[in-house]
Amino acid sequence: MVSVPPVHVIGGGLAGSEAAWQLARRGVPVVVHEMRPVHPTAVHKSGQFAELVCSNSFRSDDAQASAIGLLHAEMRRLGSLVLHAADTHKLPAGGALAVDRDQFAAAVTQALENHPLVTVERGEISTPSAEWDNVIVATGPLTSAALADTIRTWTGEAALAFFDAIAPIVHRESIDFDVTWFQSRYDKTGPAGSGADYINCPLNREQYNGFVDALIAGEKIAFRDFEADTPYFDGCLPIEVMAERGRETLRHGPMKPFGLTNPRDPERKPYAVVQLRQDNKLGTLFNMVGFQTKLRHAEQARIFRTIPGLAKAEFARLGGLHRNTFINSPKLLDETLRLKAMPRVRFAGQITGCEGYVESAAIGLLAGSFAAAERRGEPAALPPATTAHGALLNHVTGGHIETIDAGAGSFQPMNVNFGLFPPLTGHVARDGRKAALCARALADLESWTGAALAHAAE
């Protein structure tokens, strides 16, 4: 049998792990290069693959009414390692798919390390070897400075960047359950939920206004000079930045009270609610939903303990801030995620300009599939634009419209959403639009996999 040269995957995050898995399951040898723990990052705590450093939620699992839930369903059908590990280690989270982050990362790591076609090499790659003819760069938002310099050389332009923030995690035993209660918004159940999966902390108008004032006045982490002009991604804004955008912003965002009833005072609706979601399988840790922050640690503890029910809160982890990097993918990448100026190199994950855990893994899945097809001498099969995978791929590689003026480039990271999908044909009632888009996507995915990917399961 002729020896098949390996594909080199740089980065063992969600995208890199998924890309490696898709290559290996198609019979293509792969070398995964991960610099952790030899060269740690500012936010990772271990050397495990697919370590989650922000939320433990993969968001809604509803495949009939949400774009992210549809993406989950498609990835399951495409043999995703990330979704398999998430389903295996899911936690109660209402209508969302949340995971025990440690068990999830351990499962992904074990699957890759135990696969006979996967070789793991620990250490930083600053410049991929010229002898590697098939490379996937999936280094994510925390790409090392040396590799970032190489990428800038390849692309001929500076990388774009934005700030991303991390939410605090609270020990359950320190929460006051004489004040708080368990309930999912609108009592929704999910893949591992009961309809009472979130801890809810109610605030009246006076408490809410005092909290907003404290957030705005609180001492924040100062930017370094080179970070001063870096924007935030709107999907992960620090809570104090949201507060600065308007006094009522938080009440219509992460602190919205809708769909919740305090069983101790059911006739009086809270003015605002802080929700905490289970973060580990034991149920001993809960993260503060939507409370990404750049407040200094002492300020976080002081201000967050003014929330009813959290007066004696003990924090397993306080919030933080890190800088994300991504390339101008519509300009730089072809339809199979290859760098136009250097086709032996593909990009995958957040560095391409997708946003979110699942979206990053989905782009990794596609990159791995495309690289495997190339190595096997087969044509790359592009997912239909009507699927969540196709919609994401089109956003990354060609769905963006450049600005027509001389201003800064406007390509920005984006979560999967129905605005990325081609419109439905014919008349569909507004309240049935999402279900119709999901049904069309899954039907088209089925046709695509049957026609183009049947050999992958053999």
Which residues share a side chain to side chain donor-acceptor pair (under 3.5 Å) with E121, sequence neighbours left out |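 Checked E121 against side chain to side chain donor-acceptor pair (under 3.5 Å); zero matches.
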Short question: side chain of [X], backbone of [Y] - any donor-acceptor pair under 3.5 Å?
X	Y	value
Q278	L91	no
E314	S174	no
N394	L420	no

Salt bridge [X]-[Y], side-chain N to carboxylate O under 4.0 Å:
X	Y	answer
K312	D176	no
D197	R185	no
E355	R59	no
R251	E248	yes
R76	D61	yes

Is the closest side-chain heavy-atom distance between [X] and [Y] below 4.5 Å?
X	Y	result
V396	L337	yes
E113	V118	no
L203	P308	yes

Going from CG on L117 to CZ on R25, what distance comes out if it is rounded to the nearest 0.5 angstrom?
-> 13.0 Å
Mind checking what makes ring-ring contact (aromatic ring centres under 6.0 Å, His included) contact with F347, not counting sequence neighbours?
-> none
Do [X] and [Y] have side-chain atoms, one donor and one acceptor, less than 3.5 Å apart?
X	Y	result
T150	T127	yes
S80	E18	yes
T41	H44	yes

Kindly say whether the aromatic ring centers of F58 and F104 come within a distance under 6.0 Å.
->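 Yes, close enough.
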Name all pairs fulfilling the ring pair (Phe, Tyr, Trp, His ring centres under 6.0 Å) condition that reach into residues 71-99, sequence neighbours left out, sorted by first residue then second.
->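 Pairs touching residues 71-99 that pass the test: none.
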Which class fits the ring pair H115 and W21: parallel under 30°, tilted 30 to 60°, perpendicular over 60°?
-> perpendicular
Could you walk me through whether R152 and D149 pass the salt bridge (Lys or Arg N to Asp or Glu O under 4.0 Å) check?
-> CA-CA 5 Å; R152 278 192 287 271; D149 286 341; 2.3 Å; yes
Intermediate values then yes/no, salt bridge (Lys or Arg N to Asp or Glu O under 4.0 Å), R77 and E74 = CA-CA 5 Å; R77 286 163 170 77; E74 290 183 9; over 6 Å; no
